[in-house]
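Have a look at the structure below before the remarks.
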Amino acid sequence: MDYILSILIFFPLLAALVGFLVKDDSIKAYGILATALEFIISIIVWINFDVSNPNMQFLQQVLVIPTYGINYVVGVDGISLFLVIMTTFMTMISLVALSEKKALKNLIITVLFLEMTMVGVFLALDAIIFYLFWELSLVPMLYIIGAWGGKLRIYAAIKFFLYTFLGSLVMLIGMLYLGYIYYQTTGNWSFNILDWNMLLLPFDMQLMLFLAFFAGFAIKVPMFPFHTWLPYAHGQAPTIGSVILAAVLLKMGTYGFVRFSLPLFPDASVYMIIPMAILALIAIVYTAMVAFAQEDMKQVIAYSSVSHMGVIILGIFALNVEGISGAIFLMISHGIVSGALFMLVGVIYERRHTKQISEFGGLAQVMPKYATIFAIMLMASIGLPLTIGFVGEFLSLLGFFKVSPFLTIIAGLTIILGAIYMLVMYKKSFFGELTKDENKKLLDLNKKELSALIPLVALVIILGVYPKPILEPVNNSVSKMIEVMNAKTVTKEAQAKIIDLNSISGVEK
């Protein structure tokens with residue numbers, strides 16, 4: 001098991017290279033097989049993962065530029081484990097549901113390369129290696145949107161790339177400066193996150209570095225007001241691009257806040273609670289209202305994603321075990337649910353070549369299976385109890401309730417507003433009379449589509465009823481991270497705040 005994480009990272013790259021030798025008529029089966037093997041490897045990691053151990057496991061280090069402390073270091077804990085599993089699972093499912101015919105080999109090879117970069121982001125423990133995987137993920141997504149997208153695909157692809165690339169450059173400056181600070185403090189260079197966790201930084205420096213990392217993470221989430229690239233990217237991307245973008249790439253930003261910002265800059269994180277909450281609340285309420293005004297089904301779900309990501313940010317900056325664990329669970333649940341919703345929109349677009357809500361109506365009469373699965377995913381999206389969406393939203397809001405009951409009540413509007421725009425969309429699309437002749441002969445879900453969607457439905461229900469297998473290891477690692485934050489605070493006010501927010505959880509210094 002010493003090299004299991006490296007195998008997990010680089011197997012998709014190897015599969016992508018071998019894919020060039022595979023015949024065109026066999027490439028989809030090959031892609032599904034490769035992603036299925038990658039998913040199995042991630043499950044093997046889970047099986048051998050010690051749930052009771054909150055520390056990094058399966059650590060591997062290879063010296064790259066030891067003079068400057070740049071090394072290949074990977075590891076996994078409860079925070080990153082299930083994000084990796086979700087990544088491998090959703091990549092596999094997206095290929096199972098794939099209906100694209102144009103340049104199929106190139107698309108599947110690109111997806112495999114993208115999978116390598118996404119898994120690498122969640123497992124990298126060296127900041128420079130993390131940054132390399134982070135930036136490399138832009139290239140395949142740029143290609144997917146630009147080559148297989150809609151009419152405005154070039155504009156959407158360039159806007160996506162420029163926003164995320166420029167934000168990441170600011171983050172890189174912060175990383176390089178933090179590595180220099182470590183050298184000034186210890187006499188040795190290191191970009192290992194675990195080494196950085198031992199640094200005690202003055203508040204002013206923490207705040208400056210927090211804002212540098214914020215530039216990279218906030219754009220990727222995306223947080224308000226950096227969210228404007230997302231609707232274009234989703235609107236123009238092919239279905240598989242939207243699925244991977246919503247399910248995984250957005251979570252890289254929120255994961256960055258948890259892995260870097262909170263443990264490295266605890267005082268700054270406490271100081272930024274309210275500003276971050278205000279930005280999250282604007283995203284929750286504003287984008288929910290924008291979603292309600294949309295006439296394109298895919299755009300409704302795209303703006304819905306921004307709104308739900310706001311809840312994740314609230315949970316993270318609750319700075320307690322309930323909130324952070326809930327946010328991580330919500331990352332996973334949002335990945336599954338939003339990915340499924342984009343797949344469902346792709347299904348109807350393939351049949352009608354339109355996503356306009358006004359073009360539908362009465363679909364439940366001719367597509368009952370489609371309508372049923374859409375309803376289940378819709379209910380999970382708005383946080384119906386006993387679905388996967390409820391668990392993460394409830395814990396995130398519960399955690400932030402300790403910070404501010406008033407702001408939490410405003411954040412709770414996401415459930416009400418989400419129910420409004422989602423149910424209105426569902427009513428217009430699936431109920432009423434079949435007014436369009438084109439809809440009367442629509443075929444219901446076929447075996448290929450059901451094979452991709454039914455596992456997602458099962459996860460939505462099973463993890464909604466019994467989330468413990470995920471929450472237990474997540475809670476353990478989050479508790480450990482809170483202890484690190486407690487030990488690193490340099491101001492008494494921040495220390496008291498973190499202890500107070502975690503008093504019920506029993507996490508104390």
Side-chain angles (χ1 to χ4, degrees), residues 5-20 31 34-35 38 42 60 62 64-65 70-76 80 83-84 86-88 90-91 94-95 106-149 156-176 179 191-193 213 215-217 219-222 229 233 237 240-241 243-256 259-260:
L5 296 188
S6 292
I7 295 172
L8 187 60
I9 293 171
F10 293 110
F11 176 76
L13 176 61
L14 176 62
L17 295 175
V18 174
F20 285 106
T35 52
E38 174 77 350
S42 68
Q60 182 187 353
V62 177
V64 179
I65 311 177
I70 301 174
N71 301 304
Y72 170 81
V73 186
V74 293
V76 66
S80 55
L83 290 170
V84 171
M86 181 194 68
T87 300
T88 60
M90 291 304 298
T91 305
S94 68
L95 286 186
N106 292 345
L107 177 59
I108 289 176
I109 289 172
T110 304
V111 169
L112 288 171
F113 181 80
L114 178 59
E115 183 176 28
M116 181 269 293
T117 63
M118 295 185 298
V119 173
V121 164
F122 294 128
L123 295 179
L125 295 180
D126 182 277
I128 301 301
I129 302 301
F130 171 90
Y131 180 79
L132 290 175
F133 283 125
W134 177 278
E135 289 292 73
L136 283 174
S137 69
L138 300 182
V139 178
M141 185 51 69
L142 174 73
Y143 184 41
I144 289 172
I145 297 173
W148 288 274
I158 292 174
K159 188 169 187 176
F160 156 76
F161 184 86
L162 288 179
Y163 264 65
T164 49
F165 181 72
L166 292 176
S168 300
L169 286 179
V170 179
M171 179 179 70
L172 176 61
I173 294 171
M175 289 178 171
L176 294 175
F191 289 89
N192 189 323
I193 302 170
F213 281 76
F217 300 147
I219 292 173
K220 182 76 80 174
V221 169
W229 64 266
I240 190 169
V243 170
I244 295 176
L245 182 62
V248 184
L249 285 181
L250 304 189
K251 311 309 179 298
M252 288 162 52
T254 48
Y255 171 78
R259 180 63 73 208
F260 286 86

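What you see is a predicted model; the values in this text were computed from it and never measured.
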What one should report as the nearest heavy-atom pair of F11 and A34 is CE2-O, 3.3 Å
Using 0.5 Å steps for rounding, measure from the OG1 atom of T87 to the CG atom of L249. 9.0 Å
Among residues at least two apart in sequence or on other chains, which ones pass side chain to side chain donor-acceptor pair (under 3.5 Å) with K251? H334
L132: what forms a side-chain contact (heavy atoms from CB on, under 4.5 Å) with it, not counting sequence neighbours? I129
Nearest 0.5 Å please: distance from the CZ atom of F191 over to the CG atom of N71. 10.5 Å
Interatomic distance, F165 atom CZ to L172 atom CG [nearest 0.5 angstrom]: 9.0 Å
D126 side chain to I70 backbone, donor-acceptor under 3.5 Å: no
Kindly indicate whether the side chain of V248, heavy atoms from C-beta on, has any atom under 4.5 Å from the side chain of L83. no
Please identify each residue that fulfils side chain to side chain donor-acceptor pair (under 3.5 Å) with S42, with sequence neighbours left out. T88
Smallest separation among heavy atoms of I145 and A156, with atom names: CG2-CB, 4.2 Å
Can you name the closest pair of heavy atoms from A233 and L245 and give their distance? CB-CD2, 3.9 Å
I173 side, atom CD1; M175 side, atom CE - distance, nearest 0.5 Å: 12.0 Å
On a heavy-atom basis, which atom in S94 and which in V243 lie closest, and how many Å separate them? CB-CG1, 4.1 Å
For residues 135-143, please give each side-chain donor-acceptor pair under 3.5 Å, one per line with the distance, not counting sequence neighbours.
from: E135; atom 1: OE1; to: S168; atom 2: OG; distance (Å): 3.1
from: E135; atom 1: OE2; to: Y131; atom 2: OH; distance (Å): 3.0
from: S137; atom 1: OG; to: W134; atom 2: O; distance (Å): 2.6

How long is the gap from CD1 on I240 to CH2 on W148, to the nearest 0.5 Å? 9.5 Å
Can you name the side chain to side chain donor-acceptor pair (under 3.5 Å) partners of T254, sequence neighbours left out? none
Starting at CD1 of I244, measure out to CD1 of I144 and round the result to the nearest 0.5 Å. 5.5 Å
Indicate yes or no: at least one non-hydrogen side-chain atom of Y163 is less than 4.5 angstrom from one of P222. no
Do the rings of F213 and F217 sit parallel, tilted or perpendicular, given the 30° and 60° boundaries? tilted
Is it the case that the side chains of T91 and E38 hold a donor-acceptor pair, with the cut-off being a distance below 3.5 Å and no angle test? no
Counting distance only, does the side-chain N/O of T164 pair as donor-acceptor with the main-chain N or O of F160 below 3.5 Å? yes
Taking all heavy atoms of P12 and all of L8, pick out the closest pair and write down the distance. CD-O, 3.5 Å
Between S6 and V74, the two heavy atoms sitting closest are OG-CG2, 4.4 Å
Less than 3.5 Å apart, which donor and acceptor atoms pair up between the side chains of residues 110-123 and the rest of the protein, not counting sequence neighbours?
from: T110; atom 1: OG1; to: N106; atom 2: O; distance (Å): 2.6
from: T117; atom 1: OG1; to: L114; atom 2: O; distance (Å): 2.7

